[in-house]
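Note on naming: letters A, B, ... go to the chains in the order of the sequence lines (proteins, then strands), and numbering restarts at 1 for each one.
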Amino acid sequence: DEIRIWVRYKEGFSDAVRKNVAWSSLWS
Amino acid sequence: PSVNVSKRQLQTLLQSDQHQTSVSTPLGNMMLEIQGDLEVPRQWHEDQRFTTDGEHQMVRWGLLHIDTARNNATLFVGRKQRLLGSLVKLDTPLGLIKFNQQDGTVEMQDVFHYKVLFKSRPLPIM
Amino acid sequence: SLNLHERLSTDGSFRLLHLTPELLEVLKDSNSKLQFKAAGNDEDDGDVVLCSRDKTWLLRQKNHSNTVMLMHEFTPEQETSLETTFGLPNPTSDFAGFARTTFEYETKKVSGIINLDSVPVHNGSLDFPPADGQDLPVKSMDDLLASSACSEKECLSQWNQLGGCTVKGYPCILSSDFLSKALHVTLMSAMAESLDFSRLKLDETFDAVNKDMDQDSNPYTREVIKTTLEKYGKRVKDDDDCWQLDQKKVAEWYGIRALRKYASQSSIPPAEFLIKWKSTFPPYAPFDIEIEMLRGWFFRPTGSNLQYLSKNTLPSDIKERFKMLFKLQSQWDMDDIAPFVEELNTKGLKIDVFIMKYARKRRVGKKFIISSR
């Protein structure tokens with residue numbers, strides 16, 4: 001069965017330091 | 001530079017003051033969150049899980065059950081995993097925004113007030 | 001229960017944006033508009049903000065490590081056959097994931113700042129703007145608004161305070177000298193025509209200024225008069241193009257210029273300064289003056305004499321600023337020193353609490369005296 005459908009669990013949830021947004025990244 | 005945010009799709013929603021109260025929004029969108037990486041094939045296989053809808057090829061990867069009375073959710077992933085989670089009200093509603101690279105337009109398409117969240121370790125399916 | 005699918009190729013153009021109660025109100029208002037903006041032109045990559053007509057929110061990207069899938073309900077062309085339903089009722093709907101996101105845009109309310117890069121200063125010279133306008137990248141007020149990370153209302157408010165003007169449609173900032181001349185001419189003309197300072201209409205004021213003026217060499221265009229009224233007056237409610245002169249503001253402007261002229265090189269006794277200040281007004285101008293109005297523009301090197309001091313010449317480091325201020329004047333009244341340090345109180349503390357972090361406060365009679373630690 002080469003069709004792999006699964007969740008690789010992560011122990012923690014990390015949310016990073018906030019950073020400002022550049023105009024070009026809105027469109028990329 | 002500046003660009004207007006179109007809210008054309010939201011108009012009827014906003015005017016009628018309807019908003020999401022269950023797993024999907026009145027416009028038919030849902031936000032699903034899993035604490036982990038969800039691996040799903042990106043290539044077509046000749047398998048009943050792979051279907052085409054209009055121009056989109058897709059793979060069926062899971063089954064979601066919501067117990068609306070208790071806001072509990074169960075997610076079956078593939079054939080082997082079961083995750084327990086819940087319908088969670090968002091502290092701050094999230095606008096769904098599309099940035100169209102081709103024509104430089106921006107559209108707010110929906111507002112999420114809830115998400116279905118799975119943060120527990122997956123259980124095997126007995 | 002619901003069948004969950006995901007498209008084999010997902011769409012990377014979707015973003016999730018935090019909608020605060022204020023933003024939701026803006027969305028609900030059918031007359032409102034929202035814009036994403038950034039300072040500068042497309043290549044500059046300034047920070048992106050979201051603006052309504054009168055407010056500005058800074059976008060802050062918050063990455064996370066979870067899988068977030070955005071899905072849309074659809075009706076499959078063919079009935080989905082399942083090998084198992086895990087003991088649940090047969091699925092009744094189908095959802096397809098069309099996008100995944102690994103971050104959200106938070107929205108933080110900020111004060112929008114107008115972008116004055118490339119906006120020239122105009123000193124009243126008659127050969128502005130240059131004929132082809134090529135050297136002026138900001139060619140219209142629309143250009144200025146589009147290139148400022150700022151709502152329209154905040155932008156125009158700052159523009160008016162700074163003496164912003166348009167000459168043949170090109171945005172410019174009137175120089176301090178030109179603005180002073182324009183104010184002086186406006187006041188004299190208004191008094192000559194007995195116009196009411198509490199209701200100065202643009203057309204009447206412009207006509208008064210331009211009476212008997214040679215049009216070819218007259219820099220006081222309608223836009224210049226309007227800029228003057230915007231800077232030194234307040235718009236009268238419900239009356240377009242009508243302003244009430246802000247007499248206090250006008251008096252202060254003259255006072256600051258008088259300090260610069262008469263008290264830059266050496267100090268001057270207050271009584272003498274008041275006379276000089278009054279003499280700079282147009283004759284018969286009805287403005288009341290008091291030294292206290294000019295706090296933040298003078299120091300007292302010895303006793304009560306006044307000497308001009310501009311914040312622009314002071315260090316931007318708070319400790320160095322206090323050091324310099326005490327070097328110039330060893331003891332200050334709280335009310336005299338506060339305007340010189342307020343702008344560095346970025347955390348918004350009560351001003352006396354802020355000052356006490358860097359200086360000593362002593363009570364002498366009814367006053368508080370500030371000196372160095």
Side-chain angles (χ1 to χ4, degrees), chain B residues 1-5 7 10-11 14-15 17 23-24 28-38 40-44 48-54 56-66 74-76 79 82 92-101 106 108-109 111-112 115 119 125, chain C residues 1-9 11 13-20 23-24 27-28 30 33-38 40-42 50-51 65-74 76-78 80-86 88-89 91 93-98 100 104-106 145-147:
Chain B
S2 84
V3 65
N4 283 340
V5 179
K7 32 179 182 152
L10 284 184
Q11 279 312 344
L14 296 170
Q15 269 147 33
D17 218 13
V23 67
S24 65
N29 291 307
M30 170 165 70
M31 181 180 169
L32 183 84
E33 184 169 340
I34 299 169
Q35 186 173 304
D37 296 323
L38 172 64
V40 154
R42 292 286 166 210
Q43 307 254 304
W44 178 266
Q48 60 175 337
R49 288 169 287 186
F50 289 77
T51 57
T52 306
D53 183 66
H56 299 293
Q57 292 182 321
M58 56 182 80
V59 56
R60 176 168 47 79
W61 59 269
L63 191 69
L64 177 67
H65 179 71
I66 308 280
T74 308
L75 178 66
F76 294 90
R79 291 170 176 149
R82 178 168 59 109
T92 312
L94 291 174
L96 175 66
I97 308 203
K98 185 173 197 329
F99 287 84
N100 295 302
Q101 208 181 24
V106 178
M108 189 168 314
Q109 294 191 349
V111 178
F112 291 113
K115 65 183 177 187
K119 47 185 190 182
I125 295 169
Chain C
S1 42
L2 319 173
N3 280 321
L4 301 184
H5 309 249
E6 188 176 26
R7 293 184 192 164
L8 297 190
S9 74
D11 188 338
S13 63
F14 285 92
R15 305 282 188 270
L16 292 173
L17 180 81
H18 281 224
L19 297 175
T20 59
L23 274 170
L24 282 169
L27 276 175
K28 283 184 188 152
S30 48
K33 68 171 185 178
L34 274 178
Q35 283 185 313
F36 285 107
K37 304 178 82 178
N41 58 39
D42 286 355
L50 181 64
C51 294
S65 55
N66 282 0
T67 293
V68 169
M69 187 182 291
L70 304 175
M71 313 184 77
H72 187 73
E73 187 166 5
F74 74 106
E77 288 162 357
Q78 301 138 326
T80 318
S81 68
L82 301 171
E83 62 271 28
T84 175
T85 55
F86 304 103
L88 293 172
S93 325
D94 291 75
F95 279 77
F98 58 86
R100 292 199 190 193
E104 294 171 1
Y105 288 147
E106 292 185 344
L145 289 171
S147 64

- Task: Tell me whether the centres of the aromatic rings in H5(C) and F74(C) are closer together than 6.0 Å.
- Result: yes
Counting heavy-atom pairs under 4.5 Å with chain C, which one of [options] comes out on top?
| options | value |
| --- | --- |
| R82(B), Q43(B), Q35(B) | Q35(B) |
| S24(B), G62(B), G36(B) | G62(B) |
| V59(B), N100(B), N4(B), D37(B) | V59(B) |
| H65(B), K98(B), Q101(B) | K98(B) |
| H56(B), Q11(B), M31(B) | H56(B) |

Let's test your reading of the structure: which of [options] forms the most heavy-atom pairs below 4.5 Å with chain B?
| options | result |
| --- | --- |
| A146(C), S13(C), S1(C) | S13(C) |
| S147(C), A38(C), S30(C), S93(C) | A38(C) |
| H18(C), E73(C), R7(C) | R7(C) |
| K33(C), M69(C), K37(C) | M69(C) |
| K28(C), E106(C), Q35(C) | Q35(C) |

Side chain from CB out, backbone as N, CA, C, O: work out which of these in [X] comes under 4.5 Å of a heavy atom of chain C, or both, or neither.
| X | answer |
| --- | --- |
| L38(B) | both |
| Q109(B) | side chain |
| V106(B) | side chain |
| T74(B) | neither |

- Query: Hey, mind stepping through M71(C) and L2(C) against side-chain contact (heavy atoms from CB on, under 4.5 Å) and telling me if it holds?
  - Reply: CA-CA 12 Å; M71(C) 313 184 77; L2(C) 319 173; over 6 Å; no
Say you draw a straight line from [atom1] of [X] to [atom2] of [Y]; how long is it, rounded to the nearest 0.5 Å?
| X | Y | atom1 | atom2 | answer |
| --- | --- | --- | --- | --- |
| T52(B) | Q57(B) | OG1 | CD | 5.0 Å |
| I34(B) | K119(B) | CD1 | NZ | 14.5 Å |
| W44(B) | M58(B) | CH2 | CE | 9.5 Å |
| N66(C) | K115(B) | CG | NZ | 7.5 Å |
| L63(B) | L75(B) | CG | CG | 8.0 Å |
| N29(B) | L70(C) | CG | CG | 8.0 Å |

- Can F112(B) and L16(C) be said to form a side-chain contact (heavy atoms from CB on, under 4.5 Å), step by step? CA-CA 9 Å; F112(B) 291 113; L16(C) 292 173; 4.0 Å; yes
- Note on the structure: Closest non-hydrogen contact found for F50(B) with P41(B) is CZ-CG, 3.7 Å
Residue part contacting chain B, namely of [X], when any heavy atom lies under 4.5 Å:
| X | value |
| --- | --- |
| L23(C) | neither |
| F36(C) | both |
| E104(C) | side chain |

- Task: Please test L34(C) against K7(B) for side-chain contact (heavy atoms from CB on, under 4.5 Å), starting from the C-alpha separation and ending with a verdict.
- Result: CA-CA 9 Å; L34(C) 274 178; K7(B) 32 179 182 152; over 6 Å; no
